[in-house]
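All remarks here apply to the structure that follows.
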There are 2 protein chains.
Amino acid sequence: MKIGELAKLSGLSAHTLRFYEKQGLIQASARSESNYRVYSQGDLATAKFIKRSREMGFSLEEVEVFLSIRADKPAHVCREAKDIAQLKITDVQQKIDDLQQVLVALHKLSDACCGGNESAEFCSIIEALEDGEGLSLAHSTQTHVLAKEQQA
Amino acid sequence: MKIGELAKLSGLSAHTLRFYEKQGLIQASARSESNYRVYSQGDLATAKFIKRSREMGFSLEEVEVFLSIRADKPAHVCREAKDIAQLKITDVQQKIDDLQQVLVALHKLSDACCGGNESAEFCSIIEALEDGEGLSLAHSTQTHVLAKEQQA
DNA sequence: CTTGACCCTAGAGTATACTCTAAGGTCTAA
DNA sequence: TTAGACCTTAGAGTATACTCTAGGGTCAAG
Ligand SMILES: [Zn+2]
Ligand SMILES: [Zn+2]
Ligand SMILES: [Zn+2]
Ligand SMILES: [Zn+2]
């Protein structure tokens, strides 16, 4: 099959397949007379392997290692594969933890703001970013009322 | 103060401060005779504001909006700030959800592999990436034993 | 007067993974 | 034979946010 069909069957674009070839991840098993890339069923399996690996969050560099293990399994041991997976798990867990901290802070920031059409003069979001003081919950929907009362 | 001191006090590098200036986020309030950037206490507050905003996960583009609200609060309303925060919350939550799915898949992938020095011939990680079949838990520490028994 | 720490600009480089363009060749069907 | 779909290459562009370099000027201390 040619690159267009492999693209359809693998779910990767032809562009991406050529890019992966440049990166040394996948080679067409032959070339036609007109120099078109010709792929086999095995190549399709490889393309799918790469796609699945990417979906699991592995980088192209990591995929390369998986591919080399796959290319000659007896020459490799389970630990090589598992180490990569474990590192990725740690990595992803760290990212989740970081994002969760950010999320908590964002909620504190956002929840304290009325979000209405009142002037931002007393907006808790801006204030919190200004003074950085623990994203105080002092400013809420009530704050505008208080502010108006004070002005009156 | 000059850029080096602002860098120290704000926690941003001098390079980054110049970069932010290029992006229109912060301006030195003056220049010395020798064309050095001269910053005020207000500039320090701005630098800190930017830094805090970045730490909350806001992009430079979003920080720019916060800065413009901050620069003229009465001309803006709470909703403008809250909308950005809410969008960011959705965004971060989505990223967390995605990563959590990846994490589950990674655990399935990794837990089934013995991770030892046995040949990767029956490695469940490679197998799962090959056939994509729900990351079967069929291969575990026991699998190598079974494989050896079958060979015997 | 020289050394070292600082400052300046414009612009290139880093990271990751694509994504697209230009300019052109090939193939198939009407 | 000609349109349209497909293929080729090398290389540039996209996104984000820095990060660094080259080449040069400024300034206080010893
Ligand atoms: Zn409000
Ligand atoms: Zn508000
Ligand atoms: Zn194993
Ligand atoms: Zn294994």
Side-chain angles (χ1 to χ4, degrees), chain A residues 1-39 43 47 49-67 84 87-88 91-92 94-95 98-99 102, chain B residues 1-39 43 47 49-67 84 87-88 91-92 94-95 98-99 102:
Chain A
M1 73 186 92
K2 286 178 287 182
I3 200 166
E5 199 178 347
L6 180 62
K8 261 178 218 159
L9 295 180
S10 69
L12 298 167
S13 78
H15 274 309
T16 297
L17 285 165
R18 290 196 199 96
F19 171 70
Y20 285 171
E21 182 179 295
K22 236 188 279 180
Q23 307 304 303
L25 295 182
I26 186 171
Q27 276 21 238
S29 43
R31 286 287 180 130
S32 73
E33 283 179 19
S34 50
N35 200 33
Y36 289 4
R37 288 170 182 83
V38 173
Y39 296 97
D43 294 333
F49 182 95
I50 296 172
K51 183 157 191 258
R52 267 179 228 114
S53 302
R54 291 287 299 123
E55 286 165 356
M56 303 286 294
F58 295 106
S59 69
L60 295 187
E61 205 176 342
E62 288 159 343
V63 175
E64 225 182 309
V65 179
F66 283 140
L67 282 169
I84 292 173
L87 278 176
K88 183 59 58 181
D91 185 50
V92 170
Q94 182 64 60
K95 273 185 190 146
D98 290 351
L99 285 177
V102 166
Chain B
M1 74 186 91
K2 285 178 289 180
I3 201 166
E5 199 177 347
L6 180 63
K8 260 177 218 159
L9 295 180
S10 68
L12 298 168
S13 78
H15 273 309
T16 297
L17 285 165
R18 290 195 200 96
F19 171 71
Y20 285 170
E21 182 180 296
K22 235 189 281 181
Q23 307 305 302
L25 295 182
I26 187 171
Q27 284 1 273
S29 42
R31 286 286 180 131
S32 73
E33 282 179 20
S34 50
N35 201 33
Y36 289 5
R37 288 169 182 82
V38 174
Y39 296 96
D43 295 334
F49 182 95
I50 296 172
K51 183 156 190 258
R52 267 179 227 114
S53 301
R54 292 287 298 125
E55 285 166 356
M56 303 285 294
F58 295 106
S59 68
L60 295 187
E61 205 175 341
E62 289 158 343
V63 175
E64 225 182 308
V65 179
F66 283 140
L67 282 170
I84 292 174
L87 278 175
K88 183 59 58 182
D91 185 52
V92 170
Q94 182 64 59
K95 273 184 191 147
D98 290 351
L99 285 177
V102 166

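First the proteins, then the strands, lettered A, B, ... as listed; each starts at 1.
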Note to self: Would A/Lys95 and B/Lys95 count as a side-chain contact (heavy atoms from CB on, under 4.5 Å) here? Give the steps.
What the structure shows: CA-CA 9 Å; A/Lys95 273 185 190 146; B/Lys95 273 184 191 147; over 6 Å; no

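- Closest heavy-atom contact between B/Phe66 and B/Ser53: CD1-OG, 4.4 Å.
- In this structure, the side chain of B/Glu62 engages the main chain of B/Ser59 through a donor-acceptor pair within 3.5 Å.
- If you measure from atom CD of B/Glu55 to atom P of D/dC18, you get 11 Å, rounded to the nearest angstrom.
- Taking atom CD of A/Glu61 as the reference point, atom P of C/dA17 lies 8 Å away to the nearest angstrom.
- The OH atom of A/Tyr20 sits 9.5 Å away from the CD atom of A/Gln23 when rounded to the nearest 0.5 Å.
- A/Leu12 pairs in a side chain to side chain contact (heavy atoms under 4.5 Å, CB included) with only one of the listed residues (A/Leu17, A/Leu6, A/Ile3), which is A/Leu17.
- Here the CD atom belonging to B/Gln27 is positioned 9.0 Å from the CG atom belonging to B/Asp43, to the nearest 0.5 angstrom.
- Near-neighbour residues of DNA chain D inside residues 11-37 of chain A, defined by a heavy atom below 4.0 Å, number-ordered: A/Arg18, A/Lys22, A/Arg31, A/Asn35, A/Tyr36, A/Arg37.
- A/Glu5 has its CD atom 16 Å from the C1' atom of C/dC27, to the nearest Å.
- In this structure, the CD atom of A/Glu64 is 11 Å from the P atom of C/dA17, given to the nearest Å.
- Remark: P of C/dC7 and CG of B/Leu6 are 10 Å apart, rounded to the nearest angstrom.
- Across the protein-nucleic acid pair, B/Ile3 atom CD1 and D/dG25 atom P stand 20 Å apart, rounded to whole Å.
- Map A/Ser59 and B/Lys2 each onto its nearest nucleotide of DNA chain C; the residue landing nearer the 5' end is B/Lys2.
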